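Worksheet: the structure to be examined is printed underneath.
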Amino acid sequence: MTTDGLWPFLGEANLGFARGDAARNLLNQMSASLALASGAHGFFATRPVAPWWQPGGTIEATSFYDTGDLKRTLERLVDFDRLNAGTERFSVGAVNVRTGNFVYFDTTTHTIRPEHVMASGALPPGFPAIEIEGEHYWDGGLVSNTPLQWVADAQPRRDTLAFQVDLWSARGEFPRNMLEVMTREKEIRYSSRTRAGTDQFKHVQRLRRAVAGLLEKLPDDLRNSPEAQLLRPAVDRKVYNLVHLIYGARNYEGHSKDYEFSRVSMEEHWRAGYHDARRTLRHREVLERPTNHEGVFTFDLAIDGRE
């Protein structure tokens with residue numbers, strides 16, 4: 001769901017001046033401002049009356065945009081019967097507005113419809129909460145933007161190769177002006193705490209493997225004790241390859257990159273993801289079975305090697 005933004009008005013002959021960072025930043029901000037004012041075709045539209053003037057308690061009073069276009073786009077492009085057929089597993093996360101709890105909508109537990117996908121991206125106050133079975137949900141990124149733990153702890157546990165794609169980098173330079181402060185604040189807020197998450201997961205896996213080894217050494221009477229039976233579900237000798245693809249924003253993108261959907265910008269993002277994936281897969285160790293104590297191998301493109 002990209003938009004042409006201001007680019008068609010420039011014409012091919014005039015694109016050269018937009019190659020510098022300052023010019024591209026200006027055009028990106030103008031394109032983002034256009035999206036703020038008029039929405040994005042097939043995605044969201046501005047409400048004719050601002051939420052401040054809407055009756056309290058209505059969905060129109062709690063968001064700036066209408067995402068009805070997104071529902072129609074999903075219905076047009078996604079075969080939900082095939083998605084729910086069970087061949088591949090699909091999961092999205094959202095936050096229950098009333099309880100504040102993270103909720104996963106998964107094809108193993110739910111029949112996925114457009115509303116579940118919309119809930120996972122209903123970021124307030126721009127987008128309205130999505131009602132599902134009497135409850136309302138916002139974007140799961142309010143709690144965790146990329147919840148790796150859901151994949152790592154999925155049952156039954158199995159040897160896993162997971163690619164975690166993070167669109168916001170937690171690492172960055174100290175800002176020099178207010179626009180850079182706004183950009184940096186978003187990067188920190190929306191980043192996935194990638195390294196902290198994998199460090200914690202490694203520690204837990206090290207304990208699980210230690211418990212497995214300990215239970216194997218116990219005599220039969222202790223191995224069958226209530227305490228040992230309580231620990232047995234935590235035993236895990238599976239191995240995990242966790243690959244991080246963390247997008248490095250360009251200097252000109254600025255604080256509006258989360259709603260700047262011009263086709264030029266989106267094609268740049270797609271190319272970046274494609275080349276990062278190819279570069280990562282050139283490292284053979286990404287696909288090798290871990291042999292360390294925790295049975296977890298992490299590969300971080302940001303530092304081009306092992307953590």
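All values derive from a computational prediction rather than experimental measurement. Values below: all heavy atoms of this structure, side chains included; hydrogens, waters and symmetry mates excluded.
Taking CZ from Arg279 and CG from Asp276, the interatomic distance works out to 7.0 Å, rounded to the nearest 0.5 Å. With rounding to the nearest 0.5 Å, the separation of CD in Glu267 from OH in Tyr274 is 15.0 Å. Note that CZ of Arg89 and CG of Asp106 are 4.0 Å apart. Values are rounded to the nearest 0.5 Å. Distance check: Glu227 CD to Leu230 CG gives 8.0 Å after rounding to the nearest 0.5 Å.
Within the 4.5 Å cutoff, no side-chain heavy atoms of Val103 are placed close to those of Val95. Using a 4.5 Å heavy-atom cutoff, the side chains of Leu123 and Leu142 are in contact. Under the 4.5 Å side-chain criterion, counting only non-hydrogen atoms from C-beta, Met118 is in contact with Thr67. Arg157 places a side-chain heavy atom less than 4.5 Å from the side chain of Arg208. At least one side-chain heavy atom of Leu179 sits less than 4.5 Å from a side-chain heavy atom of Met182. Between Leu242 and Leu148 there is a side-chain heavy-atom pair separated by less than 4.5 Å. Residues Pro51 and Thr58 are not in side-chain contact: their nearest non-hydrogen atoms beyond the backbone lie 4.5 Å or more apart. Residues Val92 and Tyr104 are not in side-chain contact: their nearest non-hydrogen atoms beyond the backbone lie 4.5 Å or more apart.
The 12-atom threshold is exceeded at CD of Gln155, counting heavy atoms of other residues, nucleotides or ligands nearer than 6.0 Å. Shown here is Arg284, whose CZ atom has no more than 12 heavy atoms of other residues, nucleotides or ligands within 6.0 Å. Glu268 CD: more than 12 foreign heavy atoms inside a 6.0 Å radius.
No donor-acceptor pair closer than 3.5 Å links the side chain of Asn241 to the backbone N or O of Phe297. A donor-acceptor contact shorter than 3.5 Å links the side chain of Gln229 to the backbone of Arg223. Looking only at distances, no side-chain donor or acceptor of Gln205 sits under 3.5 Å from a matching main-chain atom of Phe201. The main-chain N or O of Val49 is found under 3.5 Å from a side-chain atom of Gln54 such that the two form a donor-acceptor pair. No side-chain donor-acceptor contact under 3.5 Å links Asp220 to the backbone of Asn224. A donor-acceptor distance shorter than 3.5 angstrom exists from the side chain of Thr99 to the backbone of Asn101, with no hydrogens or angles considered. Judged by distance alone, the side chain of His283 and the main-chain N or O of Thr280 form no donor-acceptor pair under 3.5 Å. A donor-acceptor pair is defined here as one N or O able to donate and one able to accept, closer than 3.5 Å; such a pair exists between the side chain of Arg47 and the backbone of Tyr65.
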**Request:** I would like to know whether Glu131 and Ile59 meet side-chain contact (heavy atoms from CB on, under 4.5 Å); could you show each step before the answer?
**Result:** CA-CA 10 Å; Glu131 182 177 0; Ile59 201 68; over 6 Å; no

**Prompt:** Do Phe64 and Trp52 pass the side-chain contact (heavy atoms from CB on, under 4.5 Å) test, and can you show the C-alpha distance, the side-chain angles, and the key distance before you say yes or no?
**Reply:** CA-CA 9 Å; Phe64 289 100; Trp52 320 109; 3.7 Å; yes

**Asked** Should His136 and Ile130 be marked as a side-chain contact (heavy atoms from CB on, under 4.5 Å) after you check the CA-CA gap, both sets of side-chain angles, and the distance that decides it?
**Response** CA-CA 5 Å; His136 290 83; Ile130 302 300; over 6 Å; no

**Asked** Are Lys202 and Thr298 close enough, and set up right, to give a side-chain contact (heavy atoms from CB on, under 4.5 Å), and what steps lead you there?
**Response** CA-CA 9 Å; Lys202 283 181 180 180; Thr298 61; 3.5 Å; yes

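Following chains of ILVMFWY side-chain contacts shorter than 4.5 Å, one can reach Leu70 starting from Ile112, so the two form part of one hydrophobic cluster. Residue Val243 is grouped with residue Leu281 when hydrophobic side chains (ILVMFWY) are merged at heavy-atom distances under 4.5 angstrom, including chains of intermediate members. Under the 4.5 Å side-chain contact rule for hydrophobic residues, Leu207 and Leu215 do not share a cluster. The hydrophobic clustering, which links ILVMFWY residues whose side-chain heavy atoms are closer than 4.5 Å, places Leu214 and Leu222 apart. The cluster map of Ile, Leu, Val, Met, Phe, Trp and Tyr, joined by side-chain heavy atoms under 4.5 Å apart, puts Val286 and Val151 in different clusters.
Taking all atoms of both residues into account, the shortest heavy-atom contact from Ile246 to Trp168 is CG2-O, 4.3 Å. Taking all atoms of both residues into account, the shortest heavy-atom contact from Ser120 to Asp139 is O-OD1, 3.0 Å. Taking each heavy atom of Glu115 and Ile132 in turn, the nearest pair found is O-CD1, 3.8 Å. Closest approach of Asp159 and Val239 over heavy atoms only: OD1-N, 3.1 Å. Here the shortest heavy-atom pairing between Tyr240 and Pro290 reads O-CG, 3.7 Å. Minimum interatomic distance between Arg209 and His293 (heavy atoms only, all atoms of both residues): NE-O, 2.9 Å.
Salt-bridge check for Glu187 with Arg184: passed, with a basic side-chain N closer than 4.0 Å to an acidic carboxylate O. We find that Arg82 and Glu88 are not joined by a salt bridge, their nearest charged nitrogen and carboxylate oxygen being 4.0 Å or further apart.
In this structure, Phe105 has its ring center no closer than 6.0 Å to that of Phe90. Taking the six-membered ring for Trp and the full ring otherwise, the centers of His244 and Phe299 sit at least 6.0 Å from each other. The ring of Phe43 has its center closer than 6.0 angstrom to the ring center of Phe127.
Below 30°, between 30° and 60°, or above 60°: for Phe261 and Phe44 the angle between ring planes is above 60°, a perpendicular geometry.
Using modelled atom types and a 3.5 Å distance limit, the side chains of Glu260 and Ser262 yield a donor-acceptor pair.
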